[in-house]
Protein chains: 2
Amino acid sequence: MHVPHQVASPCNDAPSFREASPLETREAAERQKQRDGISETMSLLAESLAPGKRIVHAGDVIYRSGESFDSLCVMNSGLVKIVSLTQDGREQVVGLKFRGDWLGFDGIAHNAYACDAVAMDTGEVWTISYEALLKASTEQPRLLQALHRAMSGEITRDRESLTSVCTLPADARVADFLHYWAESLGKRGLRTDQITLRMTRAEIGNYLGMTLESVSRALSKLAREKIIAFVEKGRRDVRIPDLAGLAAFVERSLAPQAVTLQ
Amino acid sequence: MHVPHQVASPCNDAPSFREASPLETREAAERQKQRDGISETMSLLAESLAPGKRIVHAGDVIYRSGESFDSLCVMNSGLVKIVSLTQDGREQVVGLKFRGDWLGFDGIAHNAYACDAVAMDTGEVWTISYEALLKASTEQPRLLQALHRAMSGEITRDRESLTSVCTLPADARVADFLHYWAESLGKRGLRTDQITLRMTRAEIGNYLGMTLESVSRALSKLAREKIIAFVEKGRRDVRIPDLAGLAAFVERSLAPQAVTLQ
DNA sequence: CGCCACTTTGAATTAGCTCAAATTCCGTGG
DNA sequence: CCACGGAATTTGAGCTAATTCAAAGTGGCG
């Protein structure tokens, strides 16, 4: 149960050194599993459907609300935000998508997309005809399984968003957001100790239901408490020495009454 | 384009009398379509799958988080709340389900339900084996279509919830909630001018991300402004003379700056 | 009838918002 | 290479919407 130490790199982007707890190794194993699952699904899609591949850059619109639906997308790399626009003009970021995530489920019900999908970074998006997917899935049930799991997972994730917004104070929401983002990277085999926020404070605030100033203050507070740190020059790179620290911060904000009453 | 007036009933539960606007008739037509769609799907399920039928009463747990997943449910009647419980003990109502709605999608991804489903009223719930559904759908593609549309619709609805919580002040959130509930009834062929809240103020507040006191104050304000009315004796029955009034209240709360400036 | 859970309303408090100003960063062009 | 300008961010100060705390009111049900 001993994880070998890594060699320190000279610059300040080395992971923090600590013994791995049993919990952490279990979590790491879970991430490994997730990662394998994503790669497996990507291979399956690539082989069974020969999806169209498209490179997108920050700002590119992948699909727009109202466009007629005929295909789903799966992200091979990059980062995408899903934005919903209400009739009365409110704009809401309702989701973030990473490698392996599917886009466009909202289009199935009414044959038209209900949201915009906008790239926030360079990446590759695969396009999969919904018709073709259904057709192929009769001979390859794993395709259907992958589709259903992805939809199911999206429903669960959306509920987590709602729970965060409804039950956490602003500071904790930001901490929870960073935790979610880092975990998302971890599940995809990427480092969890540093993330590059490709969203402005305003976008983060919109996603979390608070103002950009509150996001900024929350980040400053987390940095002050050494739960995160900003990489020198630029406030888009966030260093997270210990993921559990973020989770602990969230918990702490839920039970501030627990003074040492003994 | 003339809708016949109805006879006034002696008690105070008569619908308000107004000419139907083109918008309203379009909305009514939309509701009719929705209603037909729901009934059609229910028939399809009944014929193709002979689902298990179960009567539930208020408080009954239909499934619980953690239970192993093997079947979905479809509501034939009644009202169900979906409750998510986080690891750190936060409880969040993440959805409400009416006739025609499916339950249990969250179970597909990990073969275990991620939420509790609790009946809030007497009703009938149909149980559909997920395996059997997939099997039957190879010969009856409309089953798969119904499943996918239901999942897609749930994703869209969840995003609407998030948008409401993130972008509306408390009062408007309650108004929006009532509007959603009445619309949901309308889509199922029920009257939209009166709803019986089968949730306490605390449950509503939980769902909308606010305290029970704020819910109460918001309802009082809506009643004061005659946008809703409480049916005499008991504050669970809410009369909605005009659905558009609720929508207008929401809009108003978004643009309070629009004074009569030319 | 009386209990208990739910609801309403008021008063005081506060978390988060708005408004404002200063600072940093980054791309562009001289 | 450096100066400049605009966009994003940070931070402070005051304000306000919503919460917390408290008390009274209401209704359902054994």
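In what follows, every chain begins at residue 1, and chains take the letters A, B, ... in the order their sequences are listed.
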Quickly work out the [X] [atom1] to [N] [atom2] distance and round it to whole Å.
{"X": "A/Asp171", "N": "C/dG16", "atom1": "CG", "atom2": "P", "answer": "6 Å"}
{"X": "A/Leu168", "N": "C/dG16", "atom1": "CG", "atom2": "C1'", "answer": "15 Å"}
{"X": "B/Ile204", "N": "C/dT8", "atom1": "CD1", "atom2": "P", "answer": "9 Å"}
{"X": "B/Arg224", "N": "C/dT9", "atom1": "CZ", "atom2": "P", "answer": "8 Å"}
{"X": "B/Arg236", "N": "D/dT26", "atom1": "CZ", "atom2": "P", "answer": "19 Å"}
{"X": "A/Phe230", "N": "C/dT24", "atom1": "CZ", "atom2": "C1'", "answer": "13 Å"}
{"X": "A/Arg173", "N": "C/dG16", "atom1": "CZ", "atom2": "C1'", "answer": "9 Å"}
{"X": "A/Leu197", "N": "D/dA8", "atom1": "CG", "atom2": "C1'", "answer": "13 Å"}

- Item | Aromatic plane relationship, B/Phe105 with B/Trp102 - under 30° parallel, 30 to 60° tilted, over 60° perpendicular |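 It falls in the parallel class, under 30°.
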Side chain of [X]: nearest nucleotide among [options]?
{"X": "B/Ser216", "options": "C/dT9, C/dG16, C/dT24", "value": "C/dT9"}
{"X": "A/Thr211", "options": "D/dA8, D/dT10, C/dT18", "value": "C/dT18"}
{"X": "A/Arg235", "options": "C/dT18, D/dT9, D/dG27", "value": "D/dT9"}

- Please walk me through it: do B/Arg157 and B/Glu160 pass salt bridge (charged side-chain N to carboxylate O under 4.0 Å, His left out)? CA-CA 5 Å; B/Arg157 170 58 207 162; B/Glu160 285 170 6; 3.4 Å; yes
- Item | Under 3.5 Å donor-acceptor pair, B/Arg217 side-chain atoms to D/dT20 base atoms |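 For B/Arg217, whose side chain was compared with the base of D/dT20, there is a donor-acceptor pair (under 3.5 Å).
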- Message: Is it the case that C/dC6 (base atoms only) and B/Glu203 (side chain only) share a donor and an acceptor within less than 3.5 Å, ignoring hydrogens and angles?
- Response: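 It does not, because no donor-acceptor pair links the side chain of B/Glu203 to the base of C/dC6 below 3.5 Å.
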- Test log, rule side-chain contact (heavy atoms from CB on, under 4.5 Å), inputs B/Thr127 and B/Leu72: CA-CA 6 Å; B/Thr127 302; B/Leu72 296 165; over 6 Å; no
- Message: Before you tell me yes or no, could you show the steps for B/Glu203 and B/Lys81 under salt bridge (charged side-chain N to carboxylate O under 4.0 Å, His left out), namely the whole-Å CA-CA distance, both residues' side-chain angles and the distance that decides it to 0.1 Å?
- Response: CA-CA 10 Å; B/Glu203 283 174 310; B/Lys81 67 172 173 181; 2.6 Å; yes
- Message: Using a heavy-atom cut-off of 4.0 Å across all strands, would you classify B/Leu212 as base, sugar-phosphate, or nothing?
- Response: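 It contacts base atoms.
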- Looking for any heavy atom pair under 4.0 Å, which part of the strands does B/Ser214 touch: base, sugar-phosphate only, or nothing?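 Base: the residue B/Ser214, judged by heavy atoms under 4.0 Å, touches a nucleobase.
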- Could you tell me which non-hydrogen atom of A/Val94 sits nearest to which non-hydrogen atom of A/Tyr207, and how far apart they are?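 Closest approach of A/Val94 to A/Tyr207: C-CE1, 3.9 Å.
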- So which one's nearest nucleotide on DNA chain C is more toward 5', A/Gly209 or B/Val215?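 Taking each residue's closest nucleotide, the earlier one in sequence belongs to B/Val215.
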